[in-house]
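Numbering of ligands and ligand atoms starts at 1, following listing order. What you see below is based on every heavy atom in this structure, not just the backbone, and it leaves out hydrogens, waters and symmetry mates. Counting from 1, the numbers follow the sequence of the chain as shown.
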Amino acid sequence: MDKIVIKGGRKLKGSVRIGGAKNAVLPVMTACLLTRGVSVIRNVPNLADVMTMKAVLEGLGARISQRGRTIRVDTTSVEGHEAPYELVRTMRASAYVLGPLLASVGKARVSLPGGCAWGPRPVDLHIRAMHELGAKVEIDHGYIMATAGRLKGSTIRFSMPSVGATGNTMMAASRAKGKTVIANAAREPEITALADFLNRMGGKVRGAGTETIEIEGVDALSPAEVKVIPDRIEAGTYMIAGAITAGDIVVDNCVPEHVDAITRKLRQCGVTVETTRNRIHVKGSRKIQSVDVLTSPFPGFPTDMQAQYMALMTVARGVCVISETIFKDRFTHVPELRRLGADIKIEGNTAHVGYAGKLSGAPVMATDLRASAALVLAGLVAAGETHISRVYHIDRGYEAIEEKMSGLRADISRVPE
Ligand code: EPZ
């Protein structure tokens, strides 16, 4: 295993190019199962989770080839229907095969995802939606066992705007008989991107990006080509890197309106943020103000930016309250940030973050994807060296983070542990 070593104290300068979005490419890859033939996906990020999703699709009989950042997904000989435990437990997003398999093969055997670093990650909303579309769904020995004839359109209201359940339902409904309405749908840009791909395939999806999505089922979909949207969480992470080091950086090839909530919050903290069509210019300051935040579904402040924002608040003046409303216990980064000198108290789903003055470098351990990013950000300003172990967590969602950070003048390297 590798570790990342950072010598803190440098102001970041320069520009960084954002890659394709992890949470957009994963459902687009499984949507290819809705048709037989060769679909082309461009601007694919080089991430461990994409490799895992390739393995899931190849396990079903798909053939995947790659040239640069373009992958060709050939589903001509797909006949499998199982997403095995060893793949699903490493990546919950493997559950995205459920809807496409039910719609195209009529059966699916998908391992329950189990938990992750911050508690249970149920899929009850996915299962209930498939049931409402006419599938027979049972849980047996840790697997979802689902079968269906032709799925039938229905009105499905989610108790919470689940990204995964919205994506799975859109894909299943795209080939159902009749119309499906999803009420209280997730509004994330990755859902809109998935709808765009389904429509390129000949689907009829309307209203993606709003809380009500209407899908007119069609008898068949065709292979299509699509370009993956930029990763808004990678963009937000680099925005905070510029802010926390009082640097001056340009985040290039991003979609500013996808990170509006982050931009607004950073401006409240005293960070200068200027946006153009596909660029964000961030100028940090030595006097970051503490500002409360509450995570919420898009277009609110993203839960996937909570850990990174907390890193910034550890060196901000004052005390702030960070409320995590999407996931219970998504605070595994807190004990590690405390090792760097952060002053953080947890009360239920809120963290009270005080001004730690100077952070000091120390060996710390990554526990999950976004927690690892928070440790990198804190390491950029901690005095001395910070050694972050278990960086495989980072590789799931950040491509070449040490190259990109070095390109911004950070003193960062990856060394064998
Ligand atoms: C997606 O996960 C993202 N992953 C997560 O990003 C992100 O944190 C999350 O959405 C919220 O924005 C991908 O897109 C691959 P949810 P997902 O269903 O779909 C509860 C990252 O760092 N829930 O929107 O699993 C759930 O427990 C990852 O890139 C149910 O109760 O999230 C949570 O409390 C981490 N039953 C809430 O809904 C269900 O059937 C939101 O979860 C489904 C979800």
Verdict with supporting geometry, E234 and K22, side-chain contact (heavy atoms from CB on, under 4.5 Å): CA-CA 9 Å; E234 185 188 24; K22 167 177 86 79; over 6 Å; no
Minimum non-hydrogen distance to atom 30 (C) of ligand 1, winning option of P122, G164, S296: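 The residue whose heavy atom sits nearest atom 30 (C) of ligand 1 is P122.
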Heavy atoms only, cut-off 4.0 Å: how does [X] contact ligand 1, side chain, backbone, both, or neither?
X    : value
D124 : both
L125 : both
I127 : neither

Pairing residues for K227 by the side chain to side chain contact (heavy atoms under 4.5 Å, CB included) criterion, not counting sequence neighbours: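 Side chain to side chain contact (heavy atoms under 4.5 Å, CB included) list for K227, sorted by chain: R42, N43.
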Where ligand 1 meets [X] - atom numbers and elements under 4.0 angstrom, heavy-atom basis:
X    : answer
R370 : 21 (C), 22 (O), 29 (O)
R330 : 8 (O), 22 (O), 35 (C)
A93  : 15 (C)
H126 : 40 (O)
K22  : 21 (C), 29 (O)
N23  : 3 (C), 4 (N), 6 (O), 13 (C), 14 (O), 15 (C), 21 (C), 29 (O)
D304 : 5 (C), 6 (O), 7 (C), 8 (O), 21 (C), 22 (O), 28 (C), 29 (O), 35 (C)

Set of ring-ring contact (aromatic ring centres under 6.0 Å, His included) partners for Y309, sequence neighbours left out: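 Partners of Y309 under the ring-ring contact (aromatic ring centres under 6.0 Å, His included) test: F301.
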